[in-house]
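What's counted below: heavy atoms across the whole structure, side chains too, no hydrogens, waters or symmetry copies. A quick note: this is a predicted structure, and the numbers were derived from the prediction, not measured. The sequence lines fix the lettering, A, B, ..., with proteins before strands; numbering per chain opens at 1.
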Amino acid sequence: MVRPNEEVEALLQEYADLIAITGGEAFKARAYEKAARAIGGYPADVSHLDVAGLKEIPGVGKSIAEKVVEYFHTGHVTVVEERRARIPAGVRQLITIPTLGPRKAMALYQDLHISSVGELADAVKAEKLRDLKGFGRKTEENILHGIALMQQAGGRILMSTAMEAAEDIVAELSRITGCEHCAYGGSLRRMKETIGDIDILVAARRSAPFMDALTELPSTGEVIAHGEKKTSIRTVKGVQVDLRVVRPDAWGAGMQYFTGSQAHNIRTRTIAVRLGLKLSEYGLFETESGKRVASRSEDEVYARLGLPLIPPTLREDRGEIEAGLRGELPEVVTERDIRGDLHTHTDLTDGLTSLEEMVAAAAERGYAYYAVTDHAPNLYMQRMTDDKIRAQREQVRSLDGEHHGMRLLHGTELNIGPEGEVDWPDEFLRGFDLCVAAVHSHFNVGRKAMTHRLVHACENPHVNIIGHPTTRLLGKRPGIDADLDEVFAACARTGTALEVNAQPDRLDLGDEDILLARSHGAKFAIDTDAHSIPQLAFLRYGVGTAQRGWLTPDDVINTWPLRRLRRFLRKDRAG
DNA sequence: GCCGTTTTCGGCCCGACTGTTTTCAGTCG
């Protein structure tokens, strides 16, 4: 993530909301929304760009480019200030309430002078909305319900949480007679780090049995909508699940549509329009005759649009359409490409499982190699000593090759101290096959010191992988403040890989940081940081995140044969 | 406001559901 880009994204999104609330200029609002997304996801820092540079970003034209420049020059944008003066901030807050959009928010403000969520709740209770056109008893209920939801949950859940729920529901629905296909789509299929709601698609001739089944699952807490084509529920845990049922011959078009992203679909539909076609969840049709030309599989739909099958994890309108049209779509890394895990723990430090058991479980996964990297002494609570790690090394050597010929690497997870120093001196580090190094404390040393700290760690000839590089915890702790361009460049220069940590609450680096790091020529390691056997399976979340960062097997050191990996791990050290 | 192999104007993805209407607007994804 690039902070200035996020600021601009928020600003443009706010302006789009304000335009939508004041009404009339729907396409203008949409243009600002699109530009906000484009800048938020742009890998380079936009605060360094001039108008010409900004206009290179798709969706950003002269007018928006000038506003961005004005923002970085003066700290504000005049037209945004003007809109803010007309619409109190609380009115914009209203549209975050589910079922309440810009039109209703404006009606509430104009007719009843409501400008905060609290005032709205009071007005509903005082029955003041009754006389408003377009508002009825049910609308009142929905508003109060929406406010309650907003206050308790506040939004998105981890990918892993959604995955477990989705796989359960898919298994249930797949058992129903007449089910030809059933799968999850949406942001979960795209493997976004957090998920707003779960989208499930079924292919069947009759929809009712599936719609009914969803509303009757034990995990279903509340039914939001129950129709012939679509049913929405909220689970007892508060996760919204949308189910759509399509005819079996529309399965591909349905999956294409419900996988998204919205931005990606806008692009595919626009391409369809240019070809004289119309794309919907029911298929690809000739506009003139209405004749269906593709729908059965995603392959077929994309092919008819002149595109290869685009992996779901790339469907974000971040260049995948253009790459596809040019035939230059990357062969993204898959779980099958991973030959070994390079960051794992045992019960010698804070893992839950013994070395023997972890190694046996890793071998079961079919790995060619596997690294054990317990914590080093400076993470004091783990009580590591020189003797303990030497004893572990002996144990690792004795198990090497004992399971299906899987090779073992003995490593450690070092702590990167406030100055970038690590736990052991060079001569001791020389005894390890590889070293992961990570920040575990002193998160607030300041941007400059944090940057220097990470660069210094990269320059250590024994540090091979920077573990969970931003140390973020999703929903709990933001990433560290450092000049990531400088850090990633240092990784590329020194032959230090960046980790894609697969722990579901980390996913660190995240997709956007991966894109940035890749542009610097850095290499990556997709690791689970497993502290138990089940956590070895977190790998898929790391692989999904790596795919979202457009990584190919060549970018990822733990897809390489052991010989090539060992050469990389030597960095530029003599011998 | 953005964009361009229908190119400087006139388009802009498209459909489902709900609630309030009595044929449709608003919201959502």
- Message: Test side-chain contact (heavy atoms from CB on, under 4.5 Å) on A:Leu279 and A:Val301; report intermediate values, then the result.
- Response: CA-CA 9 Å; A:Leu279 180 59; A:Val301 171; 3.9 Å; yes
- Task: Could you walk me through whether A:Glu286 and A:Ser289 pass the side-chain hydrogen bond (donor to acceptor under 3.5 Å, both in side chains) test, one step at a time?
- Result: CA-CA 6 Å; A:Glu286 285 179 357; A:Ser289 63; 2.7 Å; yes
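- Whole-Å rounding puts the A:Arg274 CZ to B:dG10 C1' distance at 14 Å.
- Counting only N and O atoms by type, the side chains of A:Thr528 and A:Gln503 include no donor and acceptor under 3.5 Å apart.
- The interatomic distance linking A:His145 (NE2) with B:dC28 (C1') rounds to 15 Å, in whole Å.
- Using atom P as the reference point in both B:dG19 and B:dC9, the two lie 46 Å apart (nearest Å).
- Taking a pair to require two hydrogen-bonding distances under 3.5 Å in either a Watson-Crick or a G-U wobble arrangement, B:dT8 remains unpaired.
- For the pair A:Tyr15 OH and B:dC2 C1', the interatomic distance rounds to 14 Å; values are reported in whole Å.
- Within 6.0 Å of atom CZ in A:Arg84, more than 12 heavy atoms from other residues, nucleotides or ligands are found, so the atom counts as buried in its surroundings.
- A:Ile97 comes within contact range of the sugar-phosphate backbone alone, with a heavy-atom separation under 4.0 Å but no base atom that close.
- Using modelled atom types, one finds a donor on one side chain and an acceptor on the other under 3.5 Å when comparing A:Asp17 with A:Gln13.
- For B:dG26 and B:dT21, the C1' atoms lie 12 Å apart once the distance is rounded to whole Å.
- Ion pairing of A:Glu281 with A:Arg244 is present here, as a side-chain N (NZ or NE/NH1/NH2) and a carboxylate O approach within less than 4.0 Å.
- Regarding A:Gln256, its CD atom lies at a distance of 19 Å from the P atom of B:dG29, rounded to whole Å.
- Nucleotides B:dT18 and B:dT23 have their C1' atoms positioned 15 Å apart, rounded to a whole Å.
- A distance of about 16 Å separates the C1' atoms of B:dC12 and B:dT8, rounded to the whole Å.
- Side-chain atoms of A:Asn142 and A:Glu140 form no donor-acceptor pair, as typed in the model, at a separation below 3.5 Å.
- The nearest whole Å value for the distance from the CZ atom in A:Arg267 to the P atom in B:dC2 is 17 Å.
- Nucleotides B:dC2 and B:dT6 are separated by 23 Å at their P atoms, to the nearest Å.
- Rounded to whole angstrom, the span from the CD1 atom of A:Ile266 across to the P atom of B:dC28 amounts to 16 Å.
- Atom CD1 of A:Ile57 and atom P of B:dC3 are 11 Å apart (whole Å).
- DNA chain B is contacted by both A:Asn265 and A:Thr99; A:Asn265 maps to the nucleotide lying nearer its 5′ end (nearest heavy atom per residue).
- Separation of the P atoms belonging to B:dT20 and B:dC28 is 15 Å when rounded to the nearest angstrom.
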- Note on the structure: Under a 4.0 Å heavy-atom criterion, the protein footprint on nucleotides 14-20 of chain B, written with B, S and -, is BSSSSSS
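- The distance between atom CZ of A:Arg37 and atom C1' of B:dG1, rounded to the nearest whole Å, is 14 Å.
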